[in-house]
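Quick note on labels: first sequence line is chain A, next is B, and so on, each numbered from 1. Just so it is clear, the values below take in all heavy atoms, side chains as well, and ignore hydrogens, waters and symmetry mates.
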2 protein chains.
Amino acid sequence: MTIRTPTRDLDHPTRDGIRLEGVLHALSDPVRLHVVRRLADADGELSCSDFDLPVSKSTTTHHFRVLRESGVISQLYRGTAKLNTLRRSDLDALFPGLLDSVLAGARSETDRSSGA
Amino acid sequence: MTIRTPTRDLDHPTRDGIRLEGVLHALSDPVRLHVVRRLADADGELSCSDFDLPVSKSTTTHHFRVLRESGVISQLYRGTAKLNTLRRSDLDALFPGLLDSVLAGARSETDRSSGA
DNA sequence: CTCGTAGTTTGACATCTGTCGTACTACGAT
DNA sequence: ATCGTAGTACGACAGATGTCAAACTACGAG
């Protein structure tokens, strides 16, 4: 029994490596903001294909990478799937209230445009 | 006495025209975030030249325009100067807590890198 | 009127960003 | 071993972005 391929893992910034500007930039894209909202609602692990994004597979990969590299989400492989989670505790520790106000803002903005 | 040249004014989005993604994008640039922080500290009107930005005059103009068009600041001419103010009440009404958490996050990040 | 100061405009430029299709790898199921 | 599904890698490409210098406009001071 050879050493198991260590389910090749991905580079994540450490908590201290998360930069505010990177987070804001990551959240400033509609597709990525949508992903983050879904992730916050689910409050669990979702694979990349659980999101029905209006972009191609390669673009999806790109957006998830931006989110991971900016420290907004963490990703890990399980089998053929890639599970995504919000790095809520890291974000809350570094930038208290930021994620919640962004999520609330996004929600109310959606309500404004759909409702009246 | 002819009608005074109406101190040519600038296009600002109305409160309802301010988009979350635009605000996040505007805040995700170091130069612009710096401007916003100074503006929040001063809590008053500052002319563009009150900031000692590490970029040229034309780039400065560009950044102030991005901030204005995204709804983060308002600008008005007074004589030869252009006065800038944070649109705090609009932002707080639309995205409660967002501006404060960004400002606090920026402050703590600065402290982390300079302090220890 | 003339000058200086504040900011704009224009055009250029390199880089970044979001997007795609196609070919590829990794893993689980059969 | 083979196949299908999940996701990646690699160009490619158009458009946005941050940057500058140089020429310009607008206003106040003298």
Is any side-chain N or O of [X] closer than 4.0 Å to OP1 or OP2 of [N]?
{"X": "T80(A)", "N": "dA6(D)", "value": "no"}
{"X": "T59(A)", "N": "dC20(C)", "value": "yes"}
{"X": "H25(A)", "N": "dT17(D)", "value": "no"}
{"X": "R78(A)", "N": "dA6(D)", "value": "no"}

Donor-acceptor contact present, side-chain R87(A) to main-chain D92(A), <3.5 Å: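 A pair under 3.5 Å: no.
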Nearest to the side chain of [X] - [options]?
{"X": "H63(B)", "options": "dA6(C), dG7(D), dG18(D)", "answer": "dG18(D)"}
{"X": "V31(A)", "options": "dA6(D), dT19(C), dG7(C)", "answer": "dT19(C)"}
{"X": "R65(B)", "options": "dT9(C), dG7(D), dG18(C)", "answer": "dT9(C)"}

Give the rounded distance in Å between these two atoms: [atom1] of [X] and [atom2] of [N].
{"X": "R68(A)", "N": "dG7(D)", "atom1": "CZ", "atom2": "P", "answer": "13 Å"}
{"X": "L67(A)", "N": "dG18(C)", "atom1": "CG", "atom2": "C1'", "answer": "13 Å"}
{"X": "E69(A)", "N": "dT17(C)", "atom1": "CD", "atom2": "P", "answer": "10 Å"}
{"X": "D52(B)", "N": "dG7(C)", "atom1": "CG", "atom2": "P", "answer": "13 Å"}
{"X": "L53(B)", "N": "dT19(D)", "atom1": "CG", "atom2": "C1'", "answer": "13 Å"}
{"X": "D29(B)", "N": "dC16(C)", "atom1": "CG", "atom2": "C1'", "answer": "13 Å"}
{"X": "F64(B)", "N": "dG18(D)", "atom1": "CZ", "atom2": "P", "answer": "14 Å"}
{"X": "Y77(A)", "N": "dG7(D)", "atom1": "OH", "atom2": "P", "answer": "9 Å"}

Heavy-atom check, side chain of N84(A) versus side chain of L39(A), under 4.5 Å: yes
Residues D100(B) and R107(B) bridged, charged N to O under 4.0 Å: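 A salt bridge is absent here (no side-chain N lies under 4.0 Å from a carboxylate O).
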Taking any heavy-atom pair under 4.0 Å as a contact, classify [X]: base, sugar-phosphate, or nothing.
{"X": "S47(A)", "answer": "sugar-phosphate"}
{"X": "S56(A)", "answer": "base"}
{"X": "H62(B)", "answer": "base"}

S74(B) versus T85(B), side-chain donor and acceptor atoms under 3.5 Å: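 A pair is found: one side chain offers a donor N or O, the other an acceptor, under 3.5 Å apart.
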Base dG21(C) to side chain S58(A), donor-acceptor N/O within 3.5 Å cut-off: yes
Steps toward side-chain hydrogen bond (donor to acceptor under 3.5 Å, both in side chains) verdict (S56(B), T59(B)): CA-CA 5 Å; S56(B) 71; T59(B) 302; 3.2 Å; yes
